[in-house]
Amino acid sequence: MSTRIAFLKGHGTENDFVIVPDPENSLDLPPAAVAALCDRRAGIGGDGLLHVVRSAAHPEARGMAAEAEWFMDYRNSDGSVAEMCGNGVRVFARYLQRAGHAVEGDLAVATRGGVKTVHLAKNGDVTVGMGRALLPEGEVTVRVGERSWPATHVNMGNPHAVAFVDDLAHAGDLHTAPPVAPATAYPDGVNVEFVVDRGPGHVAMRVHERGSGETRSCGTGACAVAVAAARRDAADPAATGTPATYTVDVPGGTLVITERSDGEIEMTGPAVIVGEGEIDLAWLENAIR
C-alpha cells in the first residue's frame, strides 16, 4: 500500500476544500480522518472535503452513473456527510478539468442532492444548475442573543433558514449554530443565512454552515438567499414569468444567482485550484487514533 495519498486544495469565493481524488473508491475516509485533514492548524485546512469518485464505484451514486461519470462525495469539516455544496461542485468541476476528465462546456456531476449540470466557461467562471428550491410551510425563527428574526425555510437539497437583518454584525460570531425554533423543523441541523440589502437585486450575507461553522461562502446558501429575496420582493419567477437574478456578496467574493421561470436555479462564480501535494498516511493514521 502506498504511504502517501494525493490531494489538492481549492476554493470557490474562499469557501475552501481539501480535494482527494479516489476514482475507484479505494480509500477509507472515516469522519476522524476528514476532520484531521480539514484542521487548519494540524492538517491541510478546509471548510470541507471533496472526495472524487467515479459514480459506478460508489454505492450511493451507482444509480446516477448513467447520467454522471463522477460523484462528489462531500464531507463537512467535522467529518459529517452533506447532501450538497454549491461552491464545492464548482471546485469539483475545476478539478475534473485540471485532471483532464472534463473540458470547457457542459458536464454532469452526481451528488447526494442529485445530478447537477455544470458549465465551464472560457472566462474561468463556473455555472452550476442547482435544481429547484423547495419552500416547506411553517414558521421558523432564528435567534442570536436577545435578537430574533422570522426566517424563510428554503431547501436546496440541504436545509437553509434565511433571515433578513438590519446589520450583518447582528449575526454574532457564528462559531456555534444560532438557535432555530421550532427545533423539529430541522432534525438534522440547518445552515443559517443572515442577509442585508445592498441595492436592487443586490444583497450581502453571512452564513453558519452546519458541521463547519461560519464559512467565507456557501453556494446553496446564496441560492436560498436569492429565492427568499425574490419571494420577499414579489419577484417569484413562477408568478411573474420573468427570471429573477440577484448578486449575492459573501465574505469571500460575489456569486450571481438566477432563478428561471421554470424554477430552475443557476449559480455562477469562480473556482480555483491553488495547489497540490501528498498526504503522509502515517501522519493521518496517527492523527485519528
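In this chain, residues are counted from 1 in sequence order. Just so you know, these numbers use all the heavy atoms, side chains as well, and skip hydrogens, waters and symmetry mates.
- For CD of E139, the number of neighbouring non-hydrogen atoms (other residues, nucleotides, ligands) closer than 6.0 Å is 12 at most.
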CA sep, side-chain torsions, deciding dist, call: D125, H119, side-chain hydrogen bond (donor to acceptor under 3.5 Å, both in side chains) | CA-CA 8 Å; D125 279 346; H119 181 79; over 6 Å; no
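- Looking at D73 and R112, a side-chain N of the basic residue comes within less than 4.0 Å of a carboxylate O on the acidic one, giving a salt bridge.
- Under a 4.0 Å N-O distance rule, the pair E24/R54 qualifies as a salt bridge.
- Between W149 and H170, the ring-plane angle classifies as parallel under the 30° and 60° cut-offs.
- Judged by distance alone, the side chain of N25 and the main-chain N or O of H58 form no donor-acceptor pair under 3.5 Å.
- With N76 contributing its side chain and G79 its backbone, the two residues share no donor-acceptor pair below 3.5 Å.
- Contact check on R75 versus E83 returns no salt bridge, with no Lys/Arg side-chain nitrogen under 4.0 Å from an Asp/Glu carboxylate oxygen.
- The residue from T13, V109, V118 that alone fulfils the side-chain contact (heavy atoms from CB on, under 4.5 Å) condition with R90 is T13.
- D280 places a side-chain N or O within 3.5 Å of a backbone atom of A282 that can act as its donor or acceptor partner.
- Looking at D22 and S26, their side chains do bring a donor and an acceptor atom within 3.5 Å of each other.
- With no hydrogens or angles considered, a side-chain donor-acceptor pair links D233 and Y246 at under 3.5 Å.
- A distance-only check finds no donor-acceptor pair linking the side chain of R289 to the backbone of L284 [under 3.5 Å].
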Stepwise side chain to side chain contact (heavy atoms under 4.5 Å, CB included) check, E214 with H208 | CA-CA 4 Å; E214 182 171 17; H208 175 93; 5.5 Å; no
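- Side-chain N/O atoms of E209 and T215 include a donor and acceptor closer than 3.5 Å.
- Atom CG of D166 has 12 or fewer neighbouring heavy atoms from other residues, nucleotides or ligands inside a 6.0 Å radius.
- Evaluated for a salt bridge (charged side-chain N to carboxylate O under 4.0 Å, His left out) with D47, the options R216, R40, K9 yield exactly one hit, R40.
- Within the 4.5 Å cutoff, the side chain of V20 has heavy atoms near those of the L27 side chain.
- Salt-bridge formation is detected for the pair R231/E259: a Lys NZ or Arg NE/NH1/NH2 atom is positioned less than 4.0 Å from an Asp or Glu carboxylate oxygen.
- Between V274 and H11 there is a side-chain heavy-atom pair separated by less than 4.5 Å.
- The pair D262-R260 meets the salt-bridge criterion, with a side-chain N (NZ, NE, NH1 or NH2) lying under 4.0 Å from an Asp/Glu carboxylate O.
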